[in-house]
A.B. asks: 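Input: one structure, supplied below.
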Amino acid sequence: MLDIRNVDTAYGSVPMLRGLELAVRPGELVCLLGPNGAGKTTTFMTICGIVRARRGAVHVMGNDIAKIGTENLAGLGVGVVPEGRRLFPGLSVLENIRLGYDAVSNHGDQFDKQLDRMCELFPRIRERLKQAAGTLSGGEQAMVALARALVGNPKFVVMDEPSLGLSPKLISEYFGITAEIHRRGTTILLIEQNAEMGLKIADRAYVLVKGKVAQEGPAKDLAASRVTAGLYL
Ligand SMILES: Nc1ncnc2c1ncn2[C@@H]1O[C@H](COP(=O)(O)OP(=O)(O)O)[C@@H](O)[C@H]1O
Ligand SMILES: [Mg+2]
């Protein structure tokens, strides 16, 4: 689903990612952990083709992202949840979700069915479909951003700190839904600072520190590891 091999990136002359190696296999839920400024969002942008690799290569669904471009990701079956959600605040909830669907399909005939699936997954969305997205609570906006990523039935979903700013109760609800989506067969790369929650639902995890992988392995091992515990939990 994803293969990041020996990737360097830089902002101007300032190096960011250094020799990054990360892979996500079909069916996995992989968590990318790391403190603020470690390069997690840079990794997300590199996967999306927004930040270019200066060395190495990023393959998404077997395609070199440098060749296919950001605009073709959805069509390849990749859904994304960007940091800060990036909803269109003046558009309705329905219109925001519709954008996720239209990015994948121009037939449009399955939208009602897909929307229904989203409302079943996120019951609170149904009664707010006509409401402007910007007027929703943070938790509701997080659900809409996830629904927008899922409505096109992606095989692979990449999420950048989706639980940021949510209350503990909502965080646990959000991680529960993420685990359920994974159980239903979607492959997930979950980028997170919340190591405790992330490691609970992940199969494998990577810890990114200063643009490099400092640790990787089965989530269970990382949760038990003293290095991870000392640094991040
Ligand atoms: N557009 C940019 N231009 C210059 N520096 C940036 C840019 N985006 C991020 N950075 C820097 O790159 C580093 C990593 O940022 P980021 O990938 O957002 O980290 P994280 O998501 O792990 O908090 C930070 O030091 C940040 O200031
Ligand atoms: Mg970030």
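Just so you know, ligand 1 is whichever comes first in the structure, and atom 1 is the first atom listed for that ligand.
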A.B. asks: When you check the space around the Mg ion (ligand 2), which protein N, O or S atoms turn up under 2.8 Å?
C.D. replies: T41 OG1, E83 OE2

A.B. asks: Decide yes or no for Q114 and I97: does some side-chain heavy atom of the first lie under 4.5 Å from some side-chain heavy atom of the second?
C.D. replies: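 Counting from C-beta outward, Q114 and I97 never come under 4.5 Å.
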
A.B. asks: So does R98 pair up with E95, basic N to acidic O under 4.0 Å?
C.D. replies: no

A.B. asks: Please determine whether a side-chain nitrogen of the Lys or Arg among E140 and R126 lies less than 4.0 Å from a carboxylate oxygen of the Asp or Glu.
C.D. replies: no

A.B. asks: Hey, what do you get for CG (D3) to CG (N63), rounding to the nearest 0.5 Å?
C.D. replies: 12.0 Å

A.B. asks: Between R183 and E180, does any NZ, NE, NH1 or NH2 come within less than 4.0 Å of an OD or OE carboxylate oxygen?
C.D. replies: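 Yes, E180 and R183 are salt-bridged.
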
A.B. asks: Below 4.5 Å, heavy atoms only, C-beta onward: do V78 and M61 meet side chain to side chain?
C.D. replies: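 V78 reaches M61 side chain to side chain.
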
A.B. asks: For ligand 1, what are the residues with a heavy-atom contact below 4.0 Å?
C.D. replies: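 Within 4.0 Å of ligand 1, protein side: Y11, M16, P35, N36, G37, A38, G39, K40, T41, T42.
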
A.B. asks: Look at atom CZ of R5 and say whether more than 12 heavy atoms of other residues, nucleotides or ligands are closer to it than 6.0 Å.
C.D. replies: no

A.B. asks: Return the CD to CG distance between E161 and L166, rounded to the nearest 0.5 Å.
C.D. replies: 11.0 Å

A.B. asks: Let me see the working for L190 and I201 under side chain to side chain contact (heavy atoms under 4.5 Å, CB included), right down to the final yes or no.
C.D. replies: CA-CA 10 Å; L190 173 61; I201 62 169; 4.0 Å; yes

